[in-house]
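Worksheet: one structure, shown below.
In listed order, ligands and their atoms are each counted from 1.
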Amino acid sequence: MANRNATLDAKSPVAYAGSKAVIPDDELVYLYRQMLLARRFEERCAQSYTQAKIGGYCHLYIGQEANLAGLLSALRPNWDYVITAYRDHVQPIFMGTSPGAVMAELYGRKTGTSGGKGGSMHLYDPARGFMGGWGIVGGQIPIAIGFAFAAKYRNEDRVTLCFIGDGAVPIGAFHESLNIAGILRLPIVFVIENNQYAMGTALEVSNAIPDLYKHGERFNIQSRPVDGMDLWAVRGAMDEAVAAARNGEPQLIESKTYRFRGHSMADAGQYRTKEEVQEWKQRDPLETVGAYLLERGLLTTDDIDRLNEEIRAECAAAADFADSSPAPTEADLFNNVYV
Ligand SMILES: Cc1ncc(C[n+]2csc(CCOP(=O)(O)OP(=O)(O)O)c2C)c(N)n1
């Protein structure tokens, strides 16, 4: 269970101070490796996109890895449901989907998670509980309600984690879905990943209530903000939220975070200053967790170098696998289609 420090006063900008005790040492090393894998995988995607191996849209998760590890590690593997929008490469990898299958999907190959017909925004691995990346802003939220309702209806104690961008909060489906979750007391955790921008639109331009967690309170959903650059804080908040959701109490977390790269590979980032990006990079979650592991003697710099080497090789192998995989055939066009 989480160690909640100080206060749960929802008005404080960061409700959880993030006690280090929420993550045991051996798990922390594992989570650091998963965060490194997410970062290096996305960097490999950027390279493949530049080489025109990946077509269409490509949204990278770089900078937000404390959310990935803090949220997903609080769930039951191969049991709980996870659903997100289009920034979706790293969640299935964290949940056990092979990086090769994810990269193959990005390359549009038959060996991809959606047979090469979904691409970057439509990864899918239901066997592991990953119920998809979805391209329509806010479109995943009513679908998440369906999973949470099904779990409750079938008397299964599965929790649904629904990732939501700050840009999806003004969308009607967000409010309708929270209302239903509040009425039916669904086992769901909504996580608003507030990375400050929806494409080039800053939070305060598109949201009348910039404290996004407050929307949950309107629907009788326990809600709190958390420092999304702090792995321990995210995990502490999520441990509590998951325990409550499994008891039939819907939950909402607003995680304040930042994406270091553009909205997508095609974004030149004219809407924010270099200084602002640099400021957030000072709080790079990989640096913070890495420094802590070194300081505690849980890893050495040699260990970290070796890990990086290993992971780079894993990502290069994923790209080779994608590159050498066949494209879908003409006949595949008619598979998985309702006629
Ligand atoms: C209904 C709808 N409107 C517009 C778009 C175009 N669009 C794609 S991403 C995006 C911004 C969403 O930002 P946010 O929800 O904050 O997520 P982030 O990209 O920051 O992860 C928009 C407007 C869309 N995909 N769907």
- Under 4.0 Å from ligand 1, counting heavy atoms only: the protein residues, by chain and number: Y86, R87, G135, I136, V137, G165, D166, G167, A168, N195, Y197, A198, M199, H263
- Query: So, do L31 and F94 sit near enough that their side-chain heavy atoms are less than 4.5 Å apart?
  - Reply: yes
- Donor-acceptor under 3.5 Å (E176 side chain, F174 main chain): no
- Message: Tell me whether E105 contacts the main-chain N or O of G118 through its side chain, where contact means a donor paired with an acceptor under 3.5 Å.
- Response: yes
- Is it true that a side-chain atom of R158 and a backbone atom of W79 form a donor plus acceptor pair closer than 3.5 Å? yes
- Task: Measure from the side-chain N and O atoms of R272 to the backbone N and O of G200, and report whether any donor-acceptor pair falls under 3.5 Å.
- Result: no
- Query: So, Y107 versus S48: side-chain donor-acceptor pair below 3.5 Å or not?
  - Reply: yes
